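Have a look at the structure below before the remarks.
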Amino acid sequence: LEVIFATANNNLGGEWGVCGYRLWDVSASLTGGPNSPTLTAATASCPGLTLVDAGGHVSTGGSAQNYGSLSSPPSVPVGGFALTPDRGGYYMVSTNGQVKTFGDARNRGSAAPSSAPGGAVVGLAVDASTGGYWVARADGTVTGFGAPSLGSLAISNLSGPVEGIVTLPSGEGYYLY
């Protein structure tokens with residue numbers, strides 16, 4: 001299993017734990033086969049973990065809910081993943097901008113595919129106040145879908161590609177990294 005996203009639900013579990021935007025080894029192993037991993041080692045302060053691989057397969061541990069995976073492997077890898085503000089669903093976005101929703105997540109649109117250098121989608125972050133989301137590209141472009149436009153780094157002289165996007169702890173805004 002090659003995990004590409006680990007998302008907080010006040011989560012902790014499996015080989016890597018996520019809680020409050022920190023990622024660390026919690027020395028608990030993934031068990032089960034490569035197509036059906038099982039996550040362990042949840043705690044009271046961080047009771048669950050959601051993991052996603054490039055093919056859109058979702059695995060959960062602890063109290064995190066699994067609302068489904070992509071029904072078939074995507075033609076391009078998954079580029080981003082985020083939980084809804086109420087943790088009742090999640091969004092998955094492919095590197096070509098196609099957004100898929102699960103649970104109570106509401107699809108507000110997808111980013112147009114781009115063949116331009118740096119045009120690959122690298123992440124999705126949810127705006128807690130509107131329930132919308134922002135989609136980020138490697139060139140620093142950020143597009144809001146039901147979320148306010150807060151700017152992007154596309155016009156900046158970046159030293160390298162943007163790797164992802166994460167919602168600010170306040171829930172209103174984002175960091176590009």
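Predicted, not measured: the structure shown is a model, and the values here were computed from it.
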Item to check | For the student: nearest non-hydrogen atoms of Ser152 and Gly140, plus distance | outcome: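 Taking every non-hydrogen atom into account, CB-O, 2.9 Å.
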
Checklist entry - Any idea which heavy atoms bring Gly55 and Val78 closest together, and the distance? => result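 Nearest pair, atom of Gly55 first, then Val78: C-CG2, 4.3 Å.
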
Would you check if the side chain of [X] reaches a backbone N or O of [Y] as a donor-acceptor pair within less than 3.5 Å?
{"X": "Ser110", "Y": "Val99", "value": "yes"}
{"X": "Asn96", "Y": "Val76", "value": "no"}
{"X": "Thr130", "Y": "Gly146", "value": "yes"}
{"X": "Trp134", "Y": "Gly123", "value": "no"}
{"X": "Asp127", "Y": "Gly132", "value": "no"}

Next on the checklist: side chain to side chain contact (heavy atoms under 4.5 Å, CB included) for Lys100 and Leu70? Distances and angles first, verdict last.
Outcome noted: CA-CA 8 Å; Lys100 299 290 184 184; Leu70 293 178; 3.7 Å; yes

Flag side-chain contact, heavy atom, 4.5 Å: [X] against [Y]:
{"X": "Thr60", "Y": "Leu51", "value": "no"}
{"X": "Val126", "Y": "Pro85", "value": "yes"}
{"X": "Val166", "Y": "Tyr174", "value": "no"}

Checklist entry - Stepwise, does the side chain to side chain contact (heavy atoms under 4.5 Å, CB included) test hold for Val58 with Met92? => result CA-CA 10 Å; Val58 175; Met92 204 177 296; 3.7 Å; yes

Checklist entry - Given the rule in the ring pair (Phe, Tyr, Trp, His ring centres under 6.0 Å) test, do Phe81 and Tyr91 qualify, once you have shown the distances and angles that lead to the verdict? => result CA-CA 6 Å; Phe81 179 85; Tyr91 303 89; 9.1 Å; no

Next on the checklist: Could you walk me through whether Val142 and Leu176 satisfy the side chain to side chain contact (heavy atoms under 4.5 Å, CB included) test, starting with their C-alpha distance in whole Å, then the side-chain angles of each, then the deciding distance to 0.1 Å, before giving a yes or no?
Outcome noted: CA-CA 9 Å; Val142 177; Leu176 294 175; 3.8 Å; yes

Item to check | Steps toward side-chain hydrogen bond (donor to acceptor under 3.5 Å, both in side chains) verdict (Asp104, Tyr90) | outcome: CA-CA 7 Å; Asp104 69 0; Tyr90 41 80; over 6 Å; no

Next on the checklist: Rounded at 0.5 Å granularity, tell me how far CG in Asp139 sits from CG in Leu153.
Outcome noted: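 Between Asp139 CG and Leu153 CG, I get 9.5 Å after rounding to 0.5 Å.
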
Checklist entry - What pairs with Phe145 under side chain to side chain contact (heavy atoms under 4.5 Å, CB included), at least two apart in sequence or on another chain? => result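 By the side chain to side chain contact (heavy atoms under 4.5 Å, CB included) rule, Phe145 matches Arg108, Ala111, Tyr133, Val135, Thr143.
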
Next on the checklist: side chain to side chain contact (heavy atoms under 4.5 Å, CB included), that's the test. Do Ile165 and Tyr175 meet it? Break it down for me.
Outcome noted: CA-CA 6 Å; Ile165 184 171; Tyr175 289 116; over 6 Å; no

